[in-house]
Trainee: 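To start, I am sharing the structure in question, which I have written as structure tokens.
Keep in mind that what you see is a predicted model, and the values were worked out from it rather than measured. Atoms considered below: every heavy atom in the structure, side chains included; atoms not considered: hydrogens, waters and symmetry mates. Every chain is numbered from 1, with letters handed out A, B, ... down the list of sequences.
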Amino acid sequence: MADIRSLHDAVRDLVHDGDTVALEGFTHLIPFAAAHEIIRQGVTGLTLARMTPDVVHDQLIGAGAARKLVFSWGGNPGVGSLHRFRDAVENGWPHPLELDEHSHAGMANRYVAGASKLPFAVLRGYRGSGIPGRTDTVATVTCPFTGEQLAAVAALNPDVTVVHAQQADRHGNVQFWGLTGVQKEAVLAAGRVLVTVEEIVEGALEPRPGSVVLPGWVIDAVALVPGGAHPSYAAGYSVRDNDFYQRWDAVSRDRDTFLRWLDENVWNVRNVREGS
Amino acid sequence: MADIRSLHDAVRDLVHDGDTVALEGFTHLIPFAAAHEIIRQGVTGLTLARMTPDVVHDQLIGAGAARKLVFSWGGNPGVGSLHRFRDAVENGWPHPLELDEHSHAGMANRYVAGASKLPFAVLRGYRGSGIPGRTDTVATVTCPFTGEQLAAVAALNPDVTVVHAQQADRHGNVQFWGLTGVQKEAVLAAGRVLVTVEEIVEGALEPRPGSVVLPGWVIDAVALVPGGAHPSYAAGYSVRDNDFYQRWDAVSRDRDTFLRWLDENVWNVRNVREGS
Amino acid sequence: MSGTDGAARCGRDELMEVNAARALAGARNCFVGIGLPSTAANLARRTVNPDLVLVYESGTIGSRPTRLPLSIGDGELADTADAVVSVPEMFNYWLQGGRIDVGFLGAAQLDRFANINTTVVDRGPDRPEGRLPGAGGAPEIAANCGAVLIVLRHTRRNLVPALDFVTTVGHGAGPGDRAALGMRGAGPTAVITDLGVLRPDPDTAELVLSALHPGVTTEQAREATGWDLRVAPDLTVTQAPTDAELSALRALKAAGGRAS
Amino acid sequence: MSGTDGAARCGRDELMEVNAARALAGARNCFVGIGLPSTAANLARRTVNPDLVLVYESGTIGSRPTRLPLSIGDGELADTADAVVSVPEMFNYWLQGGRIDVGFLGAAQLDRFANINTTVVDRGPDRPEGRLPGAGGAPEIAANCGAVLIVLRHTRRNLVPALDFVTTVGHGAGPGDRAALGMRGAGPTAVITDLGVLRPDPDTAELVLSALHPGVTTEQAREATGWDLRVAPDLTVTQAPTDAELSALRALKAAGGRAS
């Protein structure tokens with residue numbers, strides 16, 4: 001059964017310098033609070049994996065936590081560029097950022113292979129694209145029945161996966177619903193799993209339409225962090241703070257403005273919502 | 001959008017002599033009524049695909065509809081042998097029955113490949129087993145990243161898939177819940193799809209915990225057949241008729257007894273429940 | 001009200017958006033990228049194709065948003081969908097499964113064979129490569145849909161003689177390339193810009209100017225294109241947006257966070 | 001009440017079932033086949049391992065049935081589960097994903113290296129092969145769980161010198177074979193029969209008689225085995241079923257459709 005812990009303690013014990021860390025969430029249920037705790041604890045040298053690194057990864061990269069990014073689309077959805085990401089890639093600030101770049105279909109299947117404990121997955125993808133020339137995690141495989149050549153992508157098995165969910169019960173069983181993205185696969189592919197949740201319910205989880213339920217025995221720690229996805233959202237608990245995403249463009253464009261934001265909103269904040 | 005049709009008309013137009021037909025359902029939601037209509041219409045030479053052919057396939061095989069069975073476990077769950085299946089395989093009655101035999105993991109992945117429109121799927125399976133020596137749909141593939149050898153199974157793309165569901169709406173959108181087995185994959189792998197349902201609801205389908213929803217545009221025909229899964233069951237509508245499964249052992253053991261049962265329960269029955 | 005009047009009443013972006021929506025007439029479903037494609041697809045549902053099934057890569061099938069989503073993961077997309085599936089299922093069973101009629105893409109750079117770059121741009125010898133967001137779903141959307149529509153603003157920066165990087169193949173280096181690569185479907189069938197519509201020449205697969213929006217000249221379009229843009233012999237002028245189209249578009253944008 | 005009294009009060013099948021349940025003490029979860037394995041696993045939840053997570057190949061995780069299911073798809077398995085997943089997900093993410101501690105299998109034929117045949121049996125030169133149900137989940141259950149338990153009735157027909165067909169590999173032809181085949185986990189660690197318990201010799205991987213049920217003799221076990229069954233030097237006698245075990249077993253069977 002998963003332990004129910006404070007976010008501070010869970011991050012301290014589960015996320016180590018140099019780890020490959022997947023913080024997943026397809027626009028919905030993005031684990032912002034956990035990412036801020038990772039920054040606060042000064043974890044460095046991370047390989048960050050996510051299909052759609054957006055503002056939370058801009059923050060992690062700008063704060064210097066990352067050495068490498070494994071991804072398929074890095075932008076501020078509907079707004080524009082990720083300026084901290086670009087500054088790291090283009091100018092090496094605050095560190096150079098290595099990239100392992102894929103398409104969405106490729107990244108999704110890398111997690112599927114990881115969750116299935118297979119070394120690779122097969123897809124009809126990357127055809128004619130320059131992407132395979134920039135990564136060593138795309139190759140070709142031949143169908144033994146038809147002779148057709150298909151793309152193979154290497155399994156992605158993060159050291160740690162962090163996701164945010166709506167609910168857990170006292171045994172650490174977790175339920176999330178709405179857009180569930182690739183989170184189940186990212187969790188089952190990982191060596192260690194941390195889930196932040198909006199709510200810990202008494203008694204059994206009430207089944208929801210469209211929900212994913214993960215038993216506590218595949219999770220290492222659950223931390224109660226209401227609002228832990230903000231400015232992303234948790235369906236049924238909050239709505240997406242689109243204004244924040246739009247304001248981020250100005251905050252992140254300038255290094256000093258960003259560093260001030262980081263001081264005020266991450267470094268100097270003890271997350272008072274954390275607890276168990 | 002799927003047409004809502006009578007079972008008779010849907011079977012007549014969708015199921016043809018010599019087709020590969022998947023009638024799926026993992027104990028739950030087995031499309032018995034549709035199978036009986038296939039028998040009544042005298043369709044022959046079918047290649048029948050199902051992970052767990054049980055009593056309904058005993059009936060189809062005993063009635064002479066099948067030329068070949070693609071499967072991974074053929075028995076009467078909790079009761080014993082399928083006598084009509086055995087009689088066909090061992091004695092060629094009423095016809096010889098060719099077998100393409102797999103493990104569950106292999107069959108499930110054959111449907112996954114079919115639904116994904118890939119020619120094959122990869123799994124860690126069949127190791128040391130004699131099964132690959134009896135089929136041409138298992139082969140070996142080498143991981144281009146690690147060099148590990150893994151099993152490959154050929155995609156299974158039925159000409160027709162038939163499943164039973166709890167609900168459809170007037171547009172032919174379908175919802176089923178409870179044990180959902182491999183039905184989504186079997187449907188999406190097929191060239192044509194027939195769904196029999198317990199109920200056609202007015203207005204929109206009400207989302208259910210754990211449900212699979214298939215939009216009407218991936219389905220060719222929906223037929224209203226309340227009780228169409230009997231002696232299997234439809235969660236929320238009926239319970240499994242375990243007595244029937246136990247009685248089947250005696251009915252099916254003897255050819256004449258079986259033929260009498262078939263006369264009384266299939267050939268001489270117009271399914272009065274069918275309709276639109 | 002004449003077509004030219006309609007054009008006068010609206011901006012170039014609106015001409016692009018209205019014509020992009022029109023390109024979805026007759027489609028059963030559309031795999032929708034965020035930004036301009038989402039604007040066009042949502043407008044199509046309010047005008048030329050009320051039954052159009054919107055499929056977003058975040059996992060929603062049959063979404064009916066009341067306002068323009070800012071991101072492909074806005075809550076309303078899930079709340080109003082016929083079905084929500086996981087992201088791996090979306091890409092494997094629905095997109096790769098060949099179930100999508102039209103894929104609708106944006107682009108940062110586009111070449112004459114409708115190949116797309118959304119990865120990096122060359123900013124000259126003294127500057128590092130400029131970083132773009134990356135591939136997202138585009139390579140497999142372009143490979144697996146029945147047809148592909150592309151919408152982007154018509155500038156020399158966007159429509160370039162040679163891509164700095166090939167993220168997504170449209171027609172490769174010309175006819176036969178898609179088939180040789182084992183790609184399904186017709187590939188890009190139209191590029192809708194704020195100046196007009198480009199379509200691949202059936203013989204060469206090269207994009208040619210096939211329609212201009214009202215008030216736009218051939219010279220303007222050629223001037224805004226980074227290659228020597230050929231003009232179709234049967235060049236037409238797009239019908240000006242109707243009142244209904246414009247009011248639907250403006251209502252959609254007013255309700256949404258942002259249009260694109 | 002003494003052990004021998006307990007044994008006298010119960011049948012051989014009950015001895016098998018109780019000892020099979022005991023073999024699940026300490027396991028976190030168990031991938032349960034229908035029939036005898038399901039009886040044992042459900043009994044374990046009522047006796048030695050109340051927190052045992054039952055996983056059925058029909059897709060249920062954490063089922064808590066109140067009665068013995070006749071089939072792996074009985075409705076109660078889904079109704080009482082923590083989670084229900086699709087069958088492909090069950091085999092790919094949960095079983096192949098290496099998340100299952102113990103796989104519990106039955107068998108039609110078993111050889112001295114705990115390999116299993118559930119496909120066909122040879123009935124002699126003048127008769128066609130006898131058809132069995134087939135593999136089901138067994139080959140991958142045996143390959144991917146942390147350990148495998150096998151339960152079957154102890155007869156020369158079941159425990160054979162050579163399988164007529166290898167459906168599922170236990171220990172192959174001896175030590176090292178599992179690793180050479182790339183199989184995960186310890187493989188079969190115990191075979192529980194109605195006469196006693198066989199375990200693989202740590203050096204040879206050959207099944208040896210390691211325990212007898214009360215009242216059963218070594219000769220009876222050897223006589224009922226199709227190969228020359230070796231006896232472990234530290235042969236023990238299983239503890240007789242307790243009253244609690246027997247009453248739980250009988251209540252379970254009385255409530256169910258059928259025990260196996």
Trainee: What part of A:Asp54 gets closer than 4.5 Å to chain C, counting heavy atoms only: side chain, backbone, both or neither?
Mentor: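 For A:Asp54, neither part sits under 4.5 Å from chain C.
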Trainee: With chain A as the partner, which of C:Pro133, C:Gly137, C:Ala135, C:Gly134 has the greatest number of non-hydrogen pairs under 4.5 Å?
Mentor: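 The option with the most such pairs is C:Pro133.
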Trainee: Determine the option with the most heavy-atom pairs under 4.5 angstrom with chain C, choosing from A:Val239, A:Ile131, A:Asp243, A:Thr180.
Mentor: A:Ile131
Trainee: Can you tell which part of C:Glu129 gets under 4.5 Å to a heavy atom of chain A, answering side chain, backbone, both or neither?
Mentor: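 Both backbone and side chain.
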Trainee: Report which part of A:Glu185 has an atom under 4.5 Å of a heavy atom belonging to chain C: side chain, backbone, both, or neither.
Mentor: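 Contact with chain C is through the side chain of A:Glu185 alone.
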Trainee: Any sub-3.5 Å donor-acceptor pair from C:Arg178's side-chain atoms to C:Gly170's backbone N or O?
Mentor: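 Between the backbone of C:Gly170 and the side chain of C:Arg178 there is a qualifying donor-acceptor contact (under 3.5 Å).
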Trainee: Contact part of A:Ala235 toward chain C, heavy-atom cut-off under 4.5 Å: side chain, backbone, both or neither?
Mentor: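 Neither part, no heavy atoms under 4.5 Å.
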Trainee: Answer with side chain, backbone, both or neither: which region of A:Met107 has an atom nearer than 4.5 Å to a non-hydrogen atom of chain C?
Mentor: neither
Trainee: Which atoms of A:Tyr111 are under 4.5 Å from chain C, going by heavy atoms: the side chain, the backbone, both sets, or neither?
Mentor: neither
Trainee: Have a look at A:His102 and tell me which of A:Trp73, A:Tyr126, A:Phe71 forms a side chain to side chain contact (heavy atoms under 4.5 Å, CB included) with it.
Mentor: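 Option passing the side chain to side chain contact (heavy atoms under 4.5 Å, CB included) with A:His102: A:Tyr126.
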Trainee: Does the pair C:Thr39 and C:Glu17 meet the rule for a side-chain hydrogen bond (donor to acceptor under 3.5 Å, both in side chains), with working shown?
Mentor: CA-CA 7 Å; C:Thr39 306; C:Glu17 289 155 352; 4.9 Å; no
Trainee: Anything under 30° is parallel, anything over 60° is perpendicular, the rest tilted; go ahead and classify A:Tyr237 against A:Trp177.
Mentor: tilted
Trainee: Between the side chains of C:Glu76 and C:Thr66, does any donor sit under 3.5 Å from an acceptor?
Mentor: yes
Trainee: Quick check on C:Asn144 against chain A: is it the side chain, the backbone, both or neither that has a heavy atom closer than 4.5 Å?
Mentor: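 The answer is the side chain of C:Asn144.
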Trainee: When only pairs under 4.5 Å are counted, which of A:Ser232, A:Pro77, A:Gly125, A:Gly181 shares the most heavy-atom pairs with chain C?
Mentor: A:Gly181
Trainee: Is C:Arg123 in contact with chain A via its backbone, its side chain, both, or neither, using a 4.5 Å heavy-atom distance?
Mentor: side chain
Trainee: C:Thr167 side chain to C:Thr118 main-chain N or O, any donor-acceptor pair under 3.5 Å?
Mentor: yes
Trainee: Quick one: of C:Val84, C:Thr60, C:Asn92, C:Asp79, who has the most non-hydrogen atom pairs under 4.5 Å with chain A?
Mentor: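 If we count pairs closer than 4.5 Å to chain A, C:Asn92 comes out on top.
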Trainee: Which atoms of A:Leu150 come close to chain C, meaning under 4.5 Å heavy atom to heavy atom: side chain ones, backbone ones, both, or neither?
Mentor: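 Answer is neither: A:Leu150 stays 4.5 Å or more from chain C.
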Trainee: Do A:Trp248 and A:Asp58 get their side chains close enough for a donor-acceptor pair, meaning under 3.5 Å?
Mentor: yes
Trainee: Using distance alone, with no hydrogens and no angle criterion, decide if A:Gln167 and A:Gln175 have a side-chain donor and acceptor under 3.5 Å apart.
Mentor: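 The criterion, which ignores hydrogens and geometry beyond distance, is satisfied for A:Gln175 and A:Gln167.
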Trainee: Please answer whether the main-chain N or O of C:Ala162 pairs with a side-chain N or O of C:Asp111 as donor and acceptor at a distance below 3.5 Å.
Mentor: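 A pair under 3.5 Å: no.
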Trainee: Of the backbone (N, CA, C, O) and the side chain (C-beta and beyond), which part of A:Phe26 lies under 4.5 Å from a heavy atom of chain C, both, or neither?
Mentor: both
Trainee: Hey, does the side chain of A:Glu24 reach the backbone of A:Met51 with a donor-acceptor pair shorter than 3.5 angstrom?
Mentor: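 The answer is yes, because a donor-acceptor pair under 3.5 Å joins these two groups.
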Trainee: Of all of A:Gly178, A:Gly128, A:Gly106, which one pairs up most often with chain C through heavy atoms under 4.5 Å apart?
Mentor: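 Heavy-atom pair counts peak at A:Gly128.
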Trainee: Going by salt bridge (charged side-chain N to carboxylate O under 4.0 Å, His left out), name the pairs with one or both residues in residues 137-153 of chain A, residues two or more places apart or in two chains.
Mentor: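 Listed once each, the pairs are A:Arg124-A:Glu148, A:Arg127-A:Glu148.
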Trainee: For chain A, which candidate among C:Ile116, C:Leu95, C:Val120, C:Asn117 shows the most heavy-atom pairs at distances under 4.5 Å?
Mentor: C:Val120
Trainee: For chain A, find which of C:Thr168, C:Leu132, C:Asp74 contributes the most heavy-atom pairs closer than 4.5 angstrom.
Mentor: C:Asp74
Trainee: Just checking, is any N or O donor in the side chain of C:Glu206 or C:His171 under 3.5 Å from an acceptor N or O on the other one?
Mentor: no
Trainee: Considering only heavy atoms and a distance below 4.5 Å, find which of C:Gly172, C:Ala143, C:Gly130, C:Ala138 pairs most often with chain A.
Mentor: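 Result: the option with the highest number of such pairs is C:Gly130.
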Trainee: Sort out for me which of A:Leu123, A:Val182, A:Leu179 touches chain C most, counting heavy-atom pairs under 4.5 Å.
Mentor: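 Ranked by heavy-atom pairs under 4.5 Å with chain C, first place is A:Leu179.
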Trainee: Looking at C:Ala78, C:Pro128, C:Ser58, C:Gly136, which has the largest count of heavy-atom pairs under 4.5 Å with chain A?
Mentor: C:Gly136
Trainee: At a heavy-atom separation under 4.5 Å, does C:Glu57 approach chain A through its side chain, its backbone, both, or neither?
Mentor: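 Both backbone and side chain.
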